[in-house]
Amino acid sequence: QRYGPPPSYPSLKIPGLNAPIPLGATFGYRPGEWGKPPVDEHGRPLYGDVFGILQLDEPNYDEEPVDRSKHWGDL
């Protein structure tokens, strides 16, 4: 958390650093807690959406129609 995400893996999501921590988990330094998130002087996360505020809706592929008239790999 001190140094930020690794520069070699810019899209790597690390809970508590640039991604939200698991549901039911808390920030803090007691046993089982996740430390403190890196924030600026205004309380905004430095490296991403660590508080889970900006979570985008996951696409729901269950409602997408499936063409079953063709088999996979047919030319």
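- Using a 4.5 Å heavy-atom threshold, the side chains of V50 and L17 count as separate.
- Counting only heavy atoms from C-beta outward, the side chains of L12 and P5 never approach each other to under 4.5 Å.
- Residues K13 and A19 approach most closely at CB-CB, 4.0 Å, considering heavy atoms.
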Subject >> Test side-chain contact (heavy atoms from CB on, under 4.5 Å) applied to Y47 and I14, step by step >> reply: CA-CA 10 Å; Y47 303 115; I14 303 170; over 6 Å; no
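- The nearest pair of heavy atoms linking G16 to P38 is O-CD, 3.8 Å.
- The two residues V39 and L46 make their nearest non-hydrogen contact at C-CG, 3.8 Å.
- With N18 contributing its side chain and G4 its backbone, the two residues share no donor-acceptor pair below 3.5 Å.
- Across all their heavy atoms, P37 and F27 have their closest contact at CD-CD2, 3.5 Å.
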